[in-house]
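All chains are named by letter (A, B, ...) in the order of the sequence lines, taking the proteins before the strands, and each is independently numbered beginning at 1.
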Number of protein chains: 2
Amino acid sequence: MSTVADDRLAEPGLEPGLRERKKQQTRSAIHEAALQLIDERGPEATTVDQICQAADVSSRTFFNYFPSKAAALLQLPETPVTPEARERFLAASGGLVWALCDVVGGISEIGPDRIRLKKLLSRHPELVSPASSMMLELRTQFVALAAERASSQEQAELAVALVMAAFGCTIHDEGRDAPLAARLRNTVEQLHGAFDEQLV
Amino acid sequence: MSTVADDRLAEPGLEPGLRERKKQQTRSAIHEAALQLIDERGPEATTVDQICQAADVSSRTFFNYFPSKAAALLQLPETPVTPEARERFLAASGGLVWALCDVVGGISEIGPDRIRLKKLLSRHPELVSPASSMMLELRTQFVALAAERASSQEQAELAVALVMAAFGCTIHDEGRDAPLAARLRNTVEQLHGAFDEQLV
DNA sequence: TGCTGTTTTGCAGACATTGCAATATTACAC
DNA sequence: GTGTAATATTGCAATGTCTGCAAAACAGCA
């Protein structure tokens, strides 16, 4: 969904051309600037123009790369269900929910500044809502994927709901630098355990 | 949180004065107009100004009553955990999650146009994200309430996550005019059942 | 009727976001 | 190298949401 057309040199194992390299560079510059400024001043107090200035791009370019301020900060993939992820999902031996944890967890395996983001989120709770909002937009993709292994649409929805609930928890639980997928699985187990105690 | 100062005549059993009546009237007019117009034209195609014109108020007044377009449409209470709801919650005999379903479900017992809203949501999926977003803002209130009965903060978070997940499902399940609380409980049970099948 | 507190409104302005057209830059063929 | 097509960056104008502020309209009450 990136507005900037994908360079064909991007896909194969070929070394990316100058063009592609510059694009990654720009994208990264914007993201870095957003991360830095929002960290210092908070999300509301940081304007897109300030980020652009720091990243040395025009505000128009900013919106060529990201659809919103929050998107620039979080950098969620527009299409989390890559063909490879799908392969792994379909081939996974465990249960549906289990496999989903891996796919959903995969969105943040990029790992470099995920920790910074985590801290940002706990320092600025106003960001939780936009972040979850963006996750929600991916929901339908996850449901579609889940449906490929579920025995019914209902099941697919339930499984995704479960994992999204776990995601909601991991967003709130402070600390923990374990990979997201692992945390998700852990939380799902806790949710399972919850049924044996509070409910009746 | 309404910007419009609360009239002291609003609380007790006294008949509200003209002032209070007008306020309710205005609020309702705005909500109705939003409901109607957004239903016809869709959320993006409907501007605040159009709603104001239909409700016959200035746009400034609109924002005195509601913090956003979505808020005017959904009319979620700013404080869903009323003293009475809290009483009932603390006194409820069932499990924590169970009791939470009632509280969370309570936010929409106003019932008149909840059905219209439901249809709106399925007709315009773009609304799901804002709606969930607004629910999220209430999350901390629910967690705080849950913590009063939970044996740990963790438990409170898990319980709320479960109910919010159920809420996410009920938003998506078409049809059904049963009260929200009942649907929530139902979905929670389904989630419970899910553990005995897909997981391992 | 006149005083007081509340609500409504208009206005100006900040900020996010989009469409469009001009400009600059890269890739590639000759 | 030069030229051309493709693509990226930018500027500009416009729309729409939302806020602060001060003036005007209005209800409650003496």
Side-chain angles (χ1 to χ4, degrees), chain A residues 1-12 14-30 33-34 37-38 41-53 55-73 126-127 129-130 133-134, chain B residues 1-11 14-30 34 37-38 41-53 55-73 126-127 129-130 133-134:
Chain A
M1 188 75 80
S2 78
T3 322
V4 178
D6 283 327
D7 199 318
R8 57 217 157 304
L9 287 184
E11 320 126 11
L14 286 173
E15 4 119 19
L18 172 58
R19 199 158 220 162
E20 186 62 23
R21 251 179 300 133
K22 274 209 167 178
K23 253 163 47 179
Q24 292 309 329
Q25 192 176 314
T26 306
R27 166 175 300 269
S28 166
I30 295 174
L37 289 181
I38 292 181
R41 318 178 179 181
E44 304 305 281
T46 307
T47 73
V48 168
D49 282 337
Q50 291 169 341
I51 298 174
C52 292
Q53 198 167 339
D56 199 46
V57 294
S58 76
S59 84
R60 200 59 189 75
T61 297
F62 178 100
F63 286 107
N64 281 345
Y65 280 89
F66 301 101
S68 71
K69 196 162 57 166
L73 180 69
E126 321 93 276
L127 284 172
S129 190
S133 225
M134 296 188 60
Chain B
M1 188 76 80
S2 78
T3 323
V4 177
D6 281 328
D7 200 317
R8 56 217 158 304
L9 288 183
E11 319 127 10
L14 286 173
E15 6 118 20
L18 172 58
R19 201 160 219 160
E20 183 62 21
R21 251 179 299 135
K22 273 211 169 178
K23 253 165 44 182
Q24 292 310 328
Q25 192 176 317
T26 306
R27 166 176 299 269
S28 167
I30 295 174
L37 288 182
I38 292 180
R41 318 179 179 182
E44 303 307 281
T46 308
T47 74
V48 168
D49 282 338
Q50 291 170 340
I51 298 174
C52 292
Q53 197 168 340
D56 199 46
V57 295
S58 76
S59 85
R60 198 59 189 74
T61 298
F62 178 100
F63 287 108
N64 280 346
Y65 280 90
F66 300 101
S68 70
K69 196 163 55 164
L73 180 69
E126 321 92 275
L127 284 171
S129 189
S133 223
M134 297 188 62

Which atom pairs link the protein and nucleotides 15-17 of chain C when you take only N or O atoms and keep those under 3.5 Å?
unit_1: C:dA16; atom_1: OP1; unit_2: A:Val48; atom_2: N; d: 3.4
unit_1: C:dA16; atom_1: OP1; unit_2: A:Lys69; atom_2: NZ; d: 3.0
unit_1: C:dA16; atom_1: OP2; unit_2: A:Val48; atom_2: N; d: 3.1
unit_1: C:dT17; atom_1: OP2; unit_2: A:Lys69; atom_2: N; d: 3.4

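Of the candidates D:dC26, C:dT25, C:dG19, the closest approach to any side-chain atom of A:Arg60 belongs to C:dG19. Of the candidate nucleotides C:dT9, C:dT7, D:dA6, C:dT7 has the atom lying nearest to any side-chain atom of B:Tyr65.
For the atom pair A:Leu37 CG and A:Thr46 OG1, the distance stands at 5.5 Å (nearest 0.5 Å). Of the inter-residue distances, the one linking B:Leu127 atom CG with B:Met134 atom CE reads 11.5 Å to the nearest 0.5 angstrom.
Between the C1' atom of D:dT9 and the CD1 atom of A:Ile30 lies a distance of 11 Å, rounded to the nearest Å. Rounded to whole Å, the distance from CZ on A:Arg19 to P on D:dA6 is 11 Å. Look at CG on A:Asn64: it is 12 Å from P on D:dG11, rounded to the nearest Å. Counting to the nearest Å, the C1' atom of C:dA27 and the CZ atom of A:Arg21 are 13 Å from each other. Atom pair B:Gln25:CD and D:dC26:C1' shows a separation of 14 Å (rounding to whole Å applied). Regarding B:Ile38, its CD1 atom lies at a distance of 13 Å from the C1' atom of D:dT17, rounded to whole Å.
Within 6.0 Å of the CD atom in B:Gln53, the count of heavy atoms belonging to other residues, nucleotides or ligands does not exceed 12.
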Next on the checklist: Walk me through whether B:Arg60 and B:Asn64 qualify under side chain to side chain contact (heavy atoms under 4.5 Å, CB included).
Outcome noted: CA-CA 6 Å; B:Arg60 198 59 189 74; B:Asn64 280 346; 3.1 Å; yes
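Using a 4.0 Å cut-off, no side-chain N or O of A:Lys22 falls inside it from OP1 or OP2 of D:dA8. For A:Ser58 and D:dT10, the shortest distance from a side-chain N or O to OP1 or OP2 is below 4.0 Å. The phosphate of D:dA8 has OP1 or OP2 within less than 4.0 Å of a side-chain N or O from A:Lys23.
For A:Ser58, the side chain to side chain donor-acceptor pair (under 3.5 Å) partners two or more places apart in sequence, or in a different chain, are A:Thr61. Residues passing the side chain to side chain contact (heavy atoms under 4.5 Å, CB included) test with A:Asp49 are A:Thr47, A:Ser59, sequence neighbours excluded.
B:Phe62 approaches B:Ala72 most closely through the heavy-atom pair CZ-CB, 3.6 Å.
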